[in-house]
Student: 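Attaching a single structure in structure tokens format; questions to follow.
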Amino acid sequence: VHRPRSTFRLRFRDGLIPKEYATMVIMPTILKSAEKTVALLGQLEVYYLSNINRGNGRDGFSGATGQNLYYTLVGDAAAYEEADAPWDAEVMEAGLAKVRELNAKYGAPIFNFVYRRRAWSEGEGCWLGHERKRGAILHFNDLLLGHTSGEELQRRFRCETISEWLSKLTPEYGPAGTLSSVQSSPVQFVITLDTDTQLVLYSAQKLVGAMAHPLNRARLSADGRRVEAGYGIMQPRVNVDVEVTNKSRYAQLFAGLGGLDVYTTASFELYQDIFNEGTFCGKGIYDLRIFQHVLKNAFPENLILSHDLIEGCHIRCGLINDVELFDDNPSNYLDDLKRHHRWTRGDWQIVGWLRRRVRNGRGERVRNPVNTIGRWKIFDNLRRSVLSLSLVLMIIAGYTLSAVAVQTFVSPSWYVVLALAVVAAPILFFIWGQLARRPGFSRRYKYYMTLMHGLAVVVYRSAVQFALLPKE
């Protein structure tokens with residue numbers, strides 16, 4: 001078993017993020033009600049309090065003793081048959097009112113709210129946020145960098161507080177939404193979270209410390225189309241919250257062990273430990289300027305739904321294996337099936353990046369900037385998506401051949417055993433890795449008793465997955 005290697009990370013004095021590493025925490029999500037808007041801003045307040053330190057913003061939020069850590073709810077417009085939906089006005093009013101309340105409560109402009117307009121989508125046949133989550137992040141990055149004109153502000157956003165916020169930090173920020181001098185945006189890094197991701201105690205400072213380390217800073221290739229050294233984006237370990245496993249028996253069975261699903265857990269990353277390049281799964285910290293420079297026009301429009309993997313392949317993703325965030329897990333099979341369906345559809349949408357030449361956002365055919373490891377990750381996801389179908393076809397073929405052939409060398413039952421072994425293999429490898437850790441003698445009894453309980457879960461989980469093979 002290969003031993004994981006720790007990631008280099010800066011430790012800031014007194015836990016205060018320096019001004020040159022000012023960071024924005026964002027939560028991109030679709031908003032359809034005032035209640036959800038207020039609840040998510042309240043969730044960002046919890047993250048602020050869990051990552052607060054002596055530089056809590058009251059001493060001057062851009063000064064040397066300030067926190068330099070800010071929070072924005074990036075609201076995207078839900079799909080609708082018209083450009084304006086009935087709930088847009090109440091979402092906008094609730095978001096702006098809550099932001100004013102929070103900033104007044106803490107005496108500094110720490111919180112922001114952005115709500116996008118809809119654009120017509122020919123592919124979907126309705127009005128929705130341009131390019132969904134990926135478009136929301138790209139539009140927000142432009143806004144944060146001061147690269148948005150007055151006309152673009154009106155076309156892209158229904159409301160936003162970033163322009164006013166930037167004008168307080170940067171006097172050079174013009175009224176039309178652009179920086180009127182060579183001074184750039186004060187924000188260096190952006191932490192992006194899902195609505196069900198928990199930014200736990202002091203984890204933001206650790207993420208910034210890892211991203212700011214000189215050995216981790218991104219360096220672009222000669223053509224500026226990919227990161228060839230360092231990391232443009234870094235991801236912490238993402239584990240399942242303990243409370244989530246008590247929601248249902250399904251959650252106990254499929255979220256109890258952790259570290260098995262490449263999309264929801266990243267506690268051990270083979271690619272990071274062997275090839276020094278991890279796999280991005282949607283929660284992490286990225287360099288604002290590198291991200292926007294490389295990815296703004298990298299992909300054709302209306303093509304990519306699941307964009308995390310391909311973005312990480314372009315700007316190199318690094319795993320921060322000593323920082324952990326917690327995520328949610330579906331409580332029933334149908335919800336989990338819908339989630340895997342979205343992921344699988346997204347994986348097949350980027351199959352074109354296995355070729356030597358691809359189309360960029362301008363429609364030009366250019367040389368594929370994804371390296372060999374990145375292409376293998378794409379292929380591996382495609383292989384995983386057809387694994388269930390392959391196992392079912394293997395079992396059917398085994399019994400069919402035994403029925404039509406006079407003599408067969410292998411009993412058809414062995415095909416069933418092989419399929420069951422394939423289903424159970426990832427879980428068994430996880431148990432093997434845990435056994436190899438060999439804790440101290442005083443902790444061994446309790447440790448291995450826990451693993452014995454985990455072995456029972458292996459049996460139950462493998463049986464359920466095997467039974468669900470035809471459905472998947």
Side-chain angles (χ1 to χ4, degrees), residues 28 131-138 141 190-194 197 218 221 225-228 230-238 259-287 290-292 294-321 325 327 336 338-356 358-361 366-387 426:
E131 286 293 291
R132 300 182 184 268
K133 179 182 176 181
R134 188 174 72 88
I137 293 178
L138 291 175
N141 289 346
V190 176
I191 297 175
T192 177
L193 306 171
D194 291 339
T197 306
S221 59
R225 297 180 54 235
R226 60 180 295 268
V227 174
E228 63 179 8
Y231 304 109
I233 193 166
M234 300 191 76
Q235 177 184 291
R237 292 166 47 194
V238 182
L260 302 174
D261 194 325
V262 296
Y263 286 95
T264 58
T265 57
S267 56
F268 177 78
E269 177 62 67
L270 176 66
Y271 295 107
Q272 178 70 37
D273 295 324
I274 302 297
F275 302 106
N276 205 31
E277 182 177 337
T279 303
F280 184 52
C281 69
K283 302 97 175 171
I285 179 171
Y286 62 83
D287 187 305
I290 294 292
F291 187 100
Q292 199 69 356
V294 176
L295 298 177
K296 184 175 181 179
N297 295 304
F299 312 118
E301 293 186 356
N302 300 316
L303 175 65
I304 299 175
L305 177 66
S306 181
H307 48 88
D308 302 329
L309 174 61
I310 194 68
E311 287 174 346
C313 291
H314 277 72
I315 60 176
R316 292 195 85 232
C317 175
L319 174 69
I320 313 173
N321 56 11
L325 304 185
D327 210 351
D336 201 12
K338 293 176 182 177
R339 185 173 65 160
H340 280 82
H341 177 266
R342 293 196 306 270
W343 291 339
T344 302
R345 184 171 68 167
D347 290 336
W348 281 95
Q349 286 173 344
I350 62 175
V351 67
W353 273 262
L354 294 176
R355 299 194 297 261
R356 291 186 177 182
V358 296
R359 292 193 180 276
N360 60 16
V366 296
R367 184 174 178 272
N368 187 0
V370 177
N371 60 17
T372 304
I373 298 301
R375 297 185 197 187
W376 171 257
K377 294 177 187 177
I378 297 173
F379 172 78
D380 192 40
N381 278 5
L382 299 179
R383 175 202 60 81
R384 189 182 297 109
S385 69
V386 299
L387 178 61

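These numbers were taken from a predicted model, which means no experiment stands behind them.
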Student: Any donor and acceptor pair, going by atom type alone, linking the side chain of Arg375 with main-chain N or O of Val370 inside 3.5 Å?
Tutor: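 Checked: pair present.
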Student: Do Thr372 and Phe275 pass the side chain to side chain contact (heavy atoms under 4.5 Å, CB included) test, and can you show the C-alpha distance, the side-chain angles, and the key distance before you say yes or no?
Tutor: CA-CA 11 Å; Thr372 304; Phe275 302 106; over 6 Å; no
Student: Would you say that Asn368 contacts Arg356 through its side chain, given a criterion of any heavy-atom pair below 4.5 Å between the two side chains?
Tutor: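 Answer no - side chains too far apart.
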Student: Do the rings of His340 and Trp343 sit parallel, tilted or perpendicular, given the 30° and 60° boundaries?
Tutor: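 Aromatic pair His340/Trp343 classed perpendicular.
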Student: Between Gln272 and Cys317, which heavy-atom pair has the shortest distance, and what is it?
Tutor: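 Taking Gln272 first and Cys317 second, the nearest heavy atoms are OE1-O, 3.9 Å.
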Student: One pair to check against side chain to side chain contact (heavy atoms under 4.5 Å, CB included): Glu311 and Ile304. What are the steps and the verdict?
Tutor: CA-CA 11 Å; Glu311 287 174 346; Ile304 299 175; over 6 Å; no
Student: Could you state the interatomic distance from CG (Asn276) to CD1 (Ile274), rounded to the nearest 0.5 Å?
Tutor: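 Rounded to the nearest 0.5 Å, the CG-CD1 separation comes to 10.5 Å.
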Student: Looking only at non-hydrogen atoms, find the nearest pair between Pro236 and Gly284 and report the distance.
Tutor: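 Here Pro236 and Gly284 meet closest at CD-CA, 3.9 Å.
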Student: What closest approach, in Å, do Val358 and Gly352 show between heavy atoms, and which atom pair accounts for it?
Tutor: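 Closest heavy-atom pair between Val358 and Gly352: CG1-O, 3.5 Å.
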Student: Would you say the side-chain atoms of Glu131 pair up with the backbone N or O of Ala136, donor to acceptor, closer than 3.5 Å?
Tutor: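 No; zero donor-acceptor contacts below 3.5 Å.
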Student: Just how far is it from atom CG of Asn360 to atom CZ of Arg225, taken to the nearest 0.5 Å?
Tutor: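 If I round to the nearest 0.5 Å, the distance is 7.5 Å.
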Student: Could you tell me which non-hydrogen atom of Asn371 sits nearest to which non-hydrogen atom of Glu277, and how far apart they are?
Tutor: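 So the minimum-distance heavy-atom pair works out to ND2-OE1, 3.3 Å.
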Student: Might you work through the salt bridge (charged side-chain N to carboxylate O under 4.0 Å, His left out) test for Asp380 and Lys377, ending with a clear yes or no?
Tutor: CA-CA 5 Å; Asp380 192 40; Lys377 294 177 187 177; over 6 Å; no
Student: How many angstroms lie between atom CD1 of Ile378 and atom CD1 of Ile373, to the nearest 0.5 angstrom?
Tutor: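 Rounded to the nearest 0.5 Å, the CD1-CD1 separation comes out at 12.0 Å.
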Student: Against His314, only a single residue in Tyr231, Phe291, Phe299, Tyr286 fulfils ring pair (Phe, Tyr, Trp, His ring centres under 6.0 Å); can you say which?
Tutor: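 Passing option: Phe299.
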Student: Between atom CD1 of Ile137 and atom CD of Gln292, what is the distance when rounded to the nearest 0.5 Å?
Tutor: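 Rounded to the nearest 0.5 Å, the CD1-CD separation comes to 10.0 Å.
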Student: Do side-chain atoms of Thr344 reach the backbone of Ser385 as a donor and acceptor pair under 3.5 angstrom?
Tutor: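 Pair absent, no side-chain N/O of Thr344 close to backbone of Ser385.
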Student: How many angstroms lie between CD1 in Ile290 and CD1 in Ile233, if you round to the nearest 0.5 Å?
Tutor: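 If I round to the nearest 0.5 Å, the distance is 12.0 Å.
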Student: Is Cys313 close to Trp353 at the side-chain level, that is, under 4.5 Å between some pair of heavy atoms?
Tutor: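 No. Closest side-chain heavy atoms not under 4.5 Å.
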Student: To the closest 0.5 Å, what do you measure between CZ (Arg132) and NE2 (His307)?
Tutor: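 One finds 10.5 Å between CZ of Arg132 and NE2 of His307.
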Student: Please report the shortest heavy-atom distance between Asp327 and Lys283, naming the atom on each side.
Tutor: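 Nearest pair, atom of Asp327 first, then Lys283: OD2-NZ, 2.7 Å.
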Student: Using side-chain contact (heavy atoms from CB on, under 4.5 Å) as the criterion, point out the one residue from Thr197, Ile320, Asp194, Ile191 that pairs with Leu325.
Tutor: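 Exactly one candidate clears the test, Thr197.
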